[in-house]
Amino acid sequence: MADSSGNPNASSRTPTGIPGLDKLLTGGLPKNRTILLSGGPGTGKTILSSQYLVNGILDYEETGVYVSLDENKQHVFEEMLDFGWDFQDLENNKKLIFLEASPIRYLPAEIKVGKLTVGRKEFSMATLIEMIKTSVREIGAKRIVVDPVTTLVFQYEGVAAQRNALVELMEALADTGATCLITTELRRPGFERSLDYEEYLAHGVILLQQLQVGKSLLRVIQVEKMRKTPLDNQPRPYRITDTGIEVFPRESVL
Ligand SMILES: Nc1ncnc2c1ncn2[C@@H]1O[C@H](COP(=O)(O)OP(=O)(O)OP(=O)(O)O)[C@@H](O)[C@H]1O
Ligand SMILES: [Mg+2]
């Protein structure tokens, strides 16, 4: 069904509301799916994810859950306030739940749950999934961000175990019915990806990179894969300003 802007995909899309990005995504992220946002350090993964949730709340009346696995709540709240996004206020008004899940990394190797002893990995994944489900129910969240999944997945040794952990998380996210954005850290551009296989599990992949152009660095965003979407998979420039991320969907970089 087309919306007022003539977008034929409107009913199957969740608009990010990020200037220029929905154009690349033919209307937005595919609804009820999990999309991977991959990028190196400082490419704007946290800013983009936050902007996606805030726009959902303010412009589309969709509440959101933010799962932070690396950074603590206060830090993220302070940083996002720089862009005018008052996470504390949104949380007070039950529009947003911020889950600070970083402490699960510091759990002891074994944990006693009643009379049982459970391994840290099993405990942390199960706990996290439970926390997410409870939070989604509590505010009726339609958008979820997990930032970044890398930390969680690398607790597991070996590709098979890491893949299983990711499948478990992805299935739990799919069960919520929300449209989910999960971030992963891309170590160094041009080098082998740290978690190649994850791309096969996600419904789509968005890549953030910094390219060296002459002496300066250019930020580029690329929709690498998006099932059932006619793709503009060209890298397009984006910038980070005081108001967040802006994508230039018609400008080419090559
Ligand atoms: N007001 C601003 N104007 C321009 N650039 C900014 C502004 N605030 C932050 N940045 C840039 O945003 C980037 C940090 O964004 P963000 O924290 O979202 O990155 P990230 O990909 O999540 O990084 P990490 O891998 O460390 O978690 C930095 O490169 C910083 O220079
Ligand atoms: Mg970050």
Side-chain angles (χ1 to χ4, degrees), residues 16-21 24 29 34-57 64-88 90 96-105 128 132 143-155 169 180-196 198-199 202 204-213 215-224 235-248 251 253:
T16 64
I18 293 169
L21 181 56
L24 278 192
L29 300 177
T34 297
I35 305 303
L36 196 71
L37 176 65
S38 200
T43 48
K45 300 180 296 295
T46 299
I47 297 171
L48 194 154
S49 311
S50 302
Q51 199 170 354
Y52 165 64
L53 288 192
V54 170
N55 289 345
I57 296 165
V65 171
Y66 194 112
V67 183
S68 178
L69 283 154
D70 269 2
E71 292 192 53
N72 74 37
K73 183 170 177 166
Q74 195 190 349
H75 188 208
V76 176
F77 279 27
E78 275 171 18
E79 288 200 330
M80 295 312 133
L81 211 47
D82 285 349
F83 301 98
W85 306 329
D86 192 341
F87 272 30
Q88 188 61 62
L90 297 174
L96 174 110
I97 291 181
F98 188 95
L99 290 177
E100 187 184 317
S102 49
I104 61 177
R105 273 188 290 154
L128 183 69
I132 294 174
R143 301 181 182 215
I144 303 175
V145 163
V146 184
D147 177 36
V149 290
T150 330
T151 312
L152 187 73
V153 169
F154 277 126
Q155 291 187 97
L169 179 66
C180 309
L181 199 56
I182 63 177
T183 75
T184 57
E185 288 155 332
L186 206 67
R187 303 267 163 220
R188 281 169 292 178
F191 282 73
E192 211 179 329
R193 305 275 181 83
S194 50
L195 274 174
D196 242 351
E198 74 204 356
E199 301 191 353
V205 178
I206 301 172
L207 191 62
L208 300 177
Q209 278 180 293
Q210 294 204 65
L211 298 182
Q212 184 94 35
V213 179
K215 281 188 177 160
S216 52
L217 285 173
L218 179 69
R219 294 187 190 276
V220 295
I221 185 166
Q222 192 175 0
V223 181
E224 270 205 337
R236 303 288 178 184
Y238 71 97
R239 56 177 192 174
I240 304 175
T241 69
D242 295 351
T243 54
I245 286 185
E246 184 179 5
V247 176
F248 301 91
E251 284 182 26
V253 289

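The analysis underlying the following values was restricted to heavy atoms, covering all of them including side chains, and did not include hydrogens, waters or symmetry mates. All ligand and atom numbering here is 1-based and tracks the order in the structure. Counting from 1, the numbers follow the sequence of the chain as shown.
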Could you tell me whether a side-chain N or O of [X] sits under 3.5 Å from a main-chain N or O of [Y], the two making a donor and an acceptor?
X: Glu100; Y: Lys73; value: yes
X: Arg236; Y: Val247; value: no
X: Thr150; Y: Glu185; value: yes
X: Lys45; Y: Ile182; value: no

Heavy-atom check, side chain of [X] versus side chain of [Y], under 4.5 Å:
X: Val253; Y: Val213; result: no
X: Ile206; Y: Ile221; result: yes
X: Pro148; Y: Asp70; result: yes
X: Phe98; Y: Gln88; result: no

What about [X]: any of its N or O atoms under 3.5 Å from an N or O on ligand 1?
X: Gly44; result: yes
X: Glu71; result: no
X: Glu185; result: no
X: Lys45; result: yes

Checklist entry - For atom 9 (C) of ligand 1, which candidate among Thr183, Ile245, Val76, Ile47 provides the closest heavy atom? => result Ile47
Among all protein heavy atoms in this structure, tell me which lies nearest to [atom], with the distance rounded to 0.1 Å.
atom: atom 1 (N) of ligand 1; answer: Asp242 OD1, 3.4 Å
atom: atom 28 (C) of ligand 1; answer: Gly42 O, 3.6 Å
atom: atom 27 (O) of ligand 1; answer: Thr46 OG1, 4.0 Å
atom: atom 10 (N) of ligand 1; answer: Ile240 CG2, 3.8 Å

Checklist entry - What residues form a side-chain contact (heavy atoms from CB on, under 4.5 Å) with Ile47, not counting sequence neighbours? => result Gln51, Met80, Phe83, Trp85, Ile240, Ile245
Checklist entry - Do you see an N/O/S atom of Thr183, backbone or side chain, under 2.8 Å from the Mg ion (ligand 2)? => result no
Checklist entry - Going by the order shown, which atoms of ligand 1 are within less than 4.0 Å of some heavy atom of Gly40? => result 21 (O)
Within-shell test, [X] vs ligand 1, heavy atom, strictly < 4.0 Å:
X: His75; value: no
X: Asp82; value: no
X: Ser50; value: no

Checklist outcome for this item: Counting heavy atoms under 4.0 Å, the part of Arg219 that contacts ligand 1 is side chain
